[in-house]
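Reviewing the structure listed below.
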There are 2 protein chains.
Amino acid sequence: MRSSIFEVMAEPNRRRILDLLRERERSVGELVKETQLSQPGISKHLRVLREAGLVEVRQKGQKRVYHLRAEPLEEIDNWLEPYRRFWSDKLDALEKHLNVEDKHSTEAATPEKKG
Amino acid sequence: MRSSIFEVMAEPNRRRILDLLRERERSVGELVKETQLSQPGISKHLRVLREAGLVEVRQKGQKRVYHLRAEPLEEIDNWLEPYRRFWSDKLDALEKHLNVEDKHSTEAATPEKKG
DNA sequence: AACTTATATAACTTGACGGTTATATAACTG
DNA sequence: CAGTTATATAACCGTCAAGTTATATAAGTT
């Protein structure tokens, strides 16, 4: 079941799991305790995250320890990139007006920061 | 139907619509032509985007012209923020090791950029 | 006003997703 | 090996989202 990274991260519990794994790696059991999810619930989400390349497992005795692999999130970051100019300064209104016209200058037109 | 910004952007057609509106504002009819969606399909997605604050409408004669309002995307950007360090340099392996231990130093430990 | 164009909305259908319970599998323990 | 702990998977269910068709609404035209 190949889902886009956007779909994967749309699920709040999965974002929560990633947030937890960002602090430190955790076993399935720990994740169950720290969330309100059942064990199979966690396992299902972990599978989705695994298939998206966002986590990796390591066997540690009886436990399976999951850790974050954040690289795939870069795709979201990249998608976001061309939108940043719209909020980075407060020139939103201006930008929006500019891109109503657009068509001509793709360069310049970016006023210097208020400094 | 209040959806999280993540859910809103999880839908590929909605991302496409935003991408189109990023270039320039468009009427519903134009969006129908430029995507593979039916007119009601587009209208439904536009409603979701409107409710998320991601687009705004303006009446222009018979047409309704939609334009981008990117600010709500900042929430995604902010969520992403603490993950960036994991891929920003190539110190991923190191970072991952550090946060396996963690627990002690929440500060420092961040090597300076290669500059 | 009748007609046309443009868009929104309602009603319905379908499929996928997330949760649950039950069970399989695997590792460790005595 | 029997028993326990840890986790994954299967099977099932309810919900919800997205697409479709039909229709309502609104603006423009003649």
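We name chains A, B, ... by the order of the sequence lines, and we start the count at 1 in each one.
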Spacing between B/K63 atom NZ and C/dA8 atom C1', to the nearest angstrom = 17 Å
query = Rounded to the Å, how far apart are B/E7 CD and D/dA17 P?
reply = 7 Å
ask   = Can you check the B/R58 CZ to C/dA6 P distance for me, whole Å?
value = 16 Å
query = Could one point to a donor on the side chain of B/E11 or the base of D/dA17 with an acceptor on the other under 3.5 Å away?
reply = no
inquiry  = If you compare every side-chain N and O of B/R64 against the phosphate oxygens of D/dA26 (OP1, OP2), does one of them come in below 4.0 Å?
reply    = no
ask   = If you pin A/Q59 and A/R14 to their nearest nucleotides in DNA chain C, which one's is more 5'?
value = A/R14
request  = Report yes if the distance between the aromatic ring centroids of A/W87 and A/Y83 is under 6.0 Å, otherwise no.
outcome  = no
key: Which nucleotide in D/dT9, C/dA8, C/dG19 has an atom nearest any side-chain atom of A/K44   = C/dG19
ask   = Should A/V55 and A/V65 be counted in the same cluster of Ile, Leu, Val, Met, Phe, Trp and Tyr side chains packed under 4.5 Å apart?
value = no
query = Regarding B/R15 and the six-membered ring of A/F6, is the cationic atom NZ or CZ under 6.0 Å from the ring centre and inside 45° of its axis?
reply = yes
ask   = Atom CD of A/E51 and atom C1' of D/dT9: how far apart are they, to the nearest Å?
value = 12 Å
task = With the side chain of B/Q62 defined as its heavy atoms from C-beta on, choose the nearest nucleotide among C/dG19, D/dT7, C/dT5.
result = C/dT5
request  = Using a cut-off of strictly less than 4.0 Å, decide whether A/Y66 has a side-chain nitrogen or oxygen near OP1 or OP2 of D/dA8.
outcome  = yes
message = Whole angstroms only, please: what is the CG-P distance between A/L46 and C/dG19?
response = 12 Å
Integer-rounded Å distance: D/dA17 P and B/L37 CG = 17 Å
task = State which of C/dA8, C/dA10, D/dA8 makes the closest approach to the side chain of A/Q39.
result = D/dA8
key: Between C1' of C/dG18 and CZ of A/R47, the distance in whole Å   = 14 Å
task = Would you mind reading off the distance between A/Q36 atom CD and C/dG18 atom P, rounded to a whole angstrom?
result = 18 Å
key: Side-chain N or O of B/H45 closer than 4.0 Å to phosphate OP1/OP2 of D/dG19   = yes
task = Could you please name the option among D/dA8, D/dG28, C/dA27 that lies closest to any side-chain atom of A/V28?
result = D/dA8
query = Should we say atom CD of A/Q36 is surrounded by more than 12 heavy atoms from elsewhere, each under 6.0 Å from it?
reply = no
ask   = Hey, is the side chain of B/S38 poking within less than 4.0 Å of OP1 or OP2 on D/dG19, counting only N and O atoms?
value = no
Non-hydrogen side-chain atoms of A/R58 and A/Y66 separated by less than 4.5 Å = no
request  = Give one of base, sugar-phosphate or nothing for A/I42, where a contact means two heavy atoms less than 4.0 Å apart.
outcome  = nothing
ask   = Closest to the A/R50 side chain: D/dA8, D/dA18, C/dT9?
value = D/dA8
